[in-house]
Amino acid sequence: MATLPFELVSPERLVFSGAVTEVIVPGAEGEFGVLAGHAPFIGMLKPGILTIKADGAARRYFVRGGFAEVNPAGLTILAEEAKPLEELDLGALAQQIQDAREDVNDATGDDAKQRASRHLADLQQVYEALERDRTGATTH
Amino acid sequence: MASLKDLRNRIASVKATQKITKAMQMVAAAKLRRAQMAAEAARPYAERMETVLGNLAAGIIGGGQAPVLIAGTGSDQKQLLLVATGERGLCGAFNTSIVRLARERAQQLLGEGKDVKFFCIGRKGYDQLRRIYPDRIIELVDLRSVRTLSFKDADAIASKILSLLDQGAFDVCTLFYAQFKSVISQVPTAQQIIPATFEARDADAAGPVYEYEPAEEDILADLLPRNIAVQIFRALLENQASFYGSQMSAMDNATRNAGDMIKKQTLIYNRTRQAMITKELIEIISGAEAL
């Protein structure tokens, strides 16, 4: 199966670099999958879970803030925060949700308020999904 | 003339100093390596960000309606100088050279009748600037408690600056930091971050035609504030590497100077000791002859 070069970059370091078969990206306007030969594309990210499929195995990362760029040379994702799901601390995420909630309260103007509450909703969604994941993993 | 005991004490104290400077040099060398690695790790992000922004901005600038962060506020009357220095001294001319560059720029701007404000990152620059422009400093960010620089620190600074911009506190923001060239050379640099400047690129050299989701303007509106944080983060990392590089060579110099001093003092000590022995011998001999 055709592979595409993929790089996941955070401001602090290069988180992932290699050839993959598919990446599922949490885009601001819905999740999208990128396969080899995708048309050139730039899209924003929402806080969410990024899935990388390579050699039949899937790896999952938490990403927040940034954008994805697809060009003939491959897919590059610049995220303000990017870490493997296993390293993600639920407590830290809860803190982020708390901050986001304060942002919503502090926001002035409809536009800013809307953006802040969307951010909050996205974070909460990730949190719930993760919680379900972890409790599911322990009971089975 | 100093007595033998005085000389001995002096040599011992210089030796102690030399040990300290030597240790500091080695610590700085280890930290420099880490700072350099951090700066290198951060490079891909900043580079890609710049490419994408350049692509986006090239399309927008032609379109007229450009955001404030690219087009500016339409004036350059109020200038904000963002001065990033170290938190500690004992690092040669590192802090001073950054402050000097900022001060020269400030003088030039003041001469042109502009309004100049300072935003200090790092205590040392603040201490120096406070003496010259006590009422032009609007903010001090202290990074002393930060052990390893993370993007969050830069982000916090960026959001402070952006809220200042929203309040109309300044029109143009220039960032001062030391670019890391090598251990012996750190270049104080001024970089204008607001309004952002992008390298002009040829229209024919434009890359593939991208599809945007959401619209180009929205992406740009989101990315430009992030870019400020990225630029600050990069400058802080460069600064850190420069700081340790500067400290390392300053401590290397200090160690060498202490070595020279020890050699000189030991020479004086030995000479004095010998002079005393000779004097005593003469006294004994002339005493014996007198008998």
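Throughout, protein chains are lettered first and strands after them, A, B, ... in sequence-line order, and every chain is numbered starting at 1.
Using a distance-only test at 3.5 Å, with no hydrogens or angles considered, no donor-acceptor pair links the side chain of Asn239(B) to the main chain of Tyr177(B). Without hydrogens or angle criteria, Thr21(A) side chain to Lys53(A) main chain gives a donor-acceptor distance under 3.5 Å.
Heavy-atom distances place the backbone of Ala79(A), and not its side chain, under 4.5 Å from chain B. Both the backbone and the side chain of Glu12(A) come within contact range of chain B, judged by heavy atoms closer than 4.5 Å. Interface residue Tyr212(B): backbone and side-chain heavy atoms are both found under 4.5 Å from chain A. Of the two parts of Leu223(B), only the side chain, counted from C-beta on, holds a non-hydrogen atom closer than 4.5 Å to a non-hydrogen atom of chain A. Only the side chain of Phe67(A) comes within contact range of chain B, judged by heavy atoms closer than 4.5 Å. With a 4.5 Å cut-off on non-hydrogen atoms, Glu80(A) touches chain B through its backbone and its side chain both. Using a 4.5 Å cut-off between heavy atoms, Met37(B) makes no contact with chain A at all.
Aromatic ring centroids of Tyr126(B) and Phe118(B) lie 6.0 Å or more apart.
Between Asp222(B) and Arg226(B), at least one side-chain N (NZ, or NE/NH1/NH2) sits under 4.0 Å from a carboxylate O, which counts as a salt bridge.
The closest side-chain donor-acceptor pair between Gln231(B) and Arg234(B) falls under 3.5 angstrom.
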